[in-house]
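Before any comments, here is the structure.
Each chain gets a letter, A, B and so on, in the order its sequence line appears, and its residues count up from 1. Every heavy atom of this structure was used, including side-chain atoms; hydrogens, water molecules and symmetry mates were not.
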Protein chains: 2
Amino acid sequence: MNDATPKPEKSDGTVGRTLAVLDRVAEFGRPVRFAELLPVCDLPKATLYRFLQTLTNQGMLAFDEDRQTYRPGLRLVRLAHAAWAQSSLAPIAAPFLDQLSKETGQTLHLAQLDQGMVLYVDKRNASHPVEMFSQSGKVGPAYCTGVGKAMLAYLPEDALQNALTRQSFHRFTEHTLTDATSLRAELENIRKRGFAWDDEEHEPGIRCIAAPILSPQGRVLGALSITSGQPDGQKQLETYAPLILETAEKIAKAASDWRFPEQKRAD
Amino acid sequence: MNDATPKPEKSDGTVGRTLAVLDRVAEFGRPVRFAELLPVCDLPKATLYRFLQTLTNQGMLAFDEDRQTYRPGLRLVRLAHAAWAQSSLAPIAAPFLDQLSKETGQTLHLAQLDQGMVLYVDKRNASHPVEMFSQSGKVGPAYCTGVGKAMLAYLPEDALQNALTRQSFHRFTEHTLTDATSLRAELENIRKRGFAWDDEEHEPGIRCIAAPILSPQGRVLGALSITSGQPDGQKQLETYAPLILETAEKIAKAASDWRFPEQKRAD
DNA sequence: ATTTTAGTTCCAAATATTGAAACCGTGTTT
DNA sequence: AAACACGGTTTCAATATTTGGAACTAAAAT
């Protein structure tokens, strides 16, 4: 029963292809025209056209008559509400984040892994707001963020392997780890230490400490981080280590008492 | 060009049917089993099964192995982030909401119309800071909420007609308007007044004042409300009338400067 | 006026979808 | 313990849908 599957293809028929188009549209981050989509979708003109029509009158996309552009539709917001409430750690973790926020006064992030990327599912702002992007639903790279590395470090080998192939290893700063080998070494350190650092690997001047949230069986459920924008951040953050680990532990406990969020199969 | 369309059905093929299943799952508001879905989906067993499989390995649903349940998947959260940022008024309205929140100290709601329902896209709490999908993405009835009525009041007749057929007219409180006729009368008052009241029509003890957000051409973009839980709420809220109208105006201006969010076609 | 670009429609061939029925575990009743 | 019911999964031939090359139209650029 080993996956000596002779069929690595899982294109999921029409539905899969149509949803892929939805992703393409979302990726643009702005309204797009048909002609811009065509080259990135790898579909015949007529087919793409039909898909866009379908998605539009399904409310998954909205079409701007005036500007002839497509953008993700409000139906997604409705659906995502349910997803966030049921499939994310956020509702469960909320009280613990509130608590930690009160205790530290720092910016907090709660993230989960999706398709090898970091998906932020909740956030607490510091009293002194730090300049950085991130909100629920926002995605970011795994290989150069605290939460990302914390999660990767505890992935089983096959899932890790899969996730690594999806990393771009783009150099954001001079501290960014830009290849799988050095990242693997770093992950080893994280496992020894029990938590991860992001030492300006993603954004200059931004450091954070991150702890994985693991199910009792050791499965990766998500990760939690505390961010600092201060130059002496590292030292300050270090003092939070016991606290963040403890909080991650509590969240894990609460999560497993209620449900086990199922990790996406490493297809 | 009137919809004397001989084909009121627009089933959108496989994709449409599959997405309908996604809605059914989301509606449950909790993880569902195959057998619970079967009766509400009106599909043959094998077909529903295949759809669920497809949605699951597309990440639109997540499947809990242990409990054998389906729930909306994280991919939706990612997609919705883009939708929220591009198709909702929220990003544009944010600074104005912040301002209004500071000035009034009250709970605010920003909503848009989706499928005849009120879709909340942003919120400001009296105390807490912003919570993303916890509130945005939530849906509510149009016929008995301030924001709902404010939007209905300015809809063109055909769209209103369509929206009215989608209202359940369930009696939530003794103040709820429970039929189209009395609602239409109320809408007339709202147009005269320029803003809407919700006088405990949805929840006992909860009142609000709401203003429509209209494009320069008079198209309904959304609505804004200030809520009060105080017994003397009405009187207090009345003093906010000029302020909320002014804020709605500003948001409308800002929105039309940047883009015209296209309203869902009244299919 | 002519050409190019962008978007839309056609339609026969190719393919994916369909769903009744059979099947398979697992737990429950007799 | 055998028989049964329940929930879920798989099969497969009939069928309806999707597919996409190409032709077409509208609008913009030359």
Between D:dT9 (C1') and B:Tyr70 (OH): distance, integer Å: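 Those two atoms, OH and C1', are 10 Å apart.
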What is the distance from CZ of B:Phe34 to C1' of D:dG8, rounded to the nearest Å?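 Computing the B:Phe34:CZ to D:dG8:C1' distance gives 7 Å.
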For DNA chain C, which residues of residues 18-26 of chain B approach it to below 4.0 angstrom with any heavy atom?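 Hits under 4.0 Å, by residue number: none.
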Pairs: protein N or O with nucleotides 12-16 of chain C N or O, under 3.5 Å:
none

With side chain to side chain contact (heavy atoms under 4.5 Å, CB included) as the criterion, how do B:Lys138 and B:Lys123 come out once you've worked through the C-alpha distance, each side chain's angles and the decisive distance to 0.1 Å? CA-CA 11 Å; B:Lys138 206 170 167 183; B:Lys123 176 183 185 180; over 6 Å; no
Closest approach of [X] and [Y], non-hydrogen atoms and distance?
X	Y	result
A:Leu37	A:Phe28	CD1-CE1, 3.7 Å
B:Tyr120	B:Thr145	OH-CG2, 4.0 Å
B:Ala150	B:Ala223	CB-CB, 4.2 Å
A:Cys144	A:Thr176	CB-CG2, 4.1 Å

Validation row: B:Arg184, B:Leu164 side chains within 4.5 angstrom (heavy atoms):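 Side chain of B:Arg184 against side chain of B:Leu164, heavy atoms only: contact under 4.5 Å found.
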For DNA chain D, determine which residues of residues 37-55 of chain B have any heavy atom closer than 4.0 angstrom to one of its atoms, and list them numerically.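 Nucleic-acid contacts, sorted: B:Lys45, B:Ala46, B:Tyr49.
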Over 60° means perpendicular and under 30° means parallel, so tell me whether B:Phe34 and B:Tyr49 are parallel, tilted or perpendicular.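 Taking B:Tyr49 first and then B:Phe34, their aromatic rings stand perpendicular (interplane angle over 60°).
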If the plane angle is over 60° it's perpendicular, under 30° parallel, otherwise tilted; pick one for B:Phe172 and B:His170.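 It falls in the perpendicular class, over 60°.
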So, does B:Arg33 get its side chain near the phosphate of D:dG8, meaning an N or O under 4.0 Å from OP1 or OP2?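 So the side-chain polar atoms of B:Arg33 do come within 4.0 Å of the phosphate oxygens OP1 or OP2 of D:dG8, strictly under.
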Please indicate whether A:Glu249 has more than 12 foreign heavy atoms, meaning atoms of other residues, nucleotides or ligands, lying under 6.0 Å from its CD.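 It does not: A:Glu249 CD has 12 such atoms or fewer within range.
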Evaluate side chain to side chain contact (heavy atoms under 4.5 Å, CB included) for B:Met151 paired with B:Val118, printing each intermediate quantity in order. CA-CA 9 Å; B:Met151 290 189 279; B:Val118 165; 4.2 Å; yes
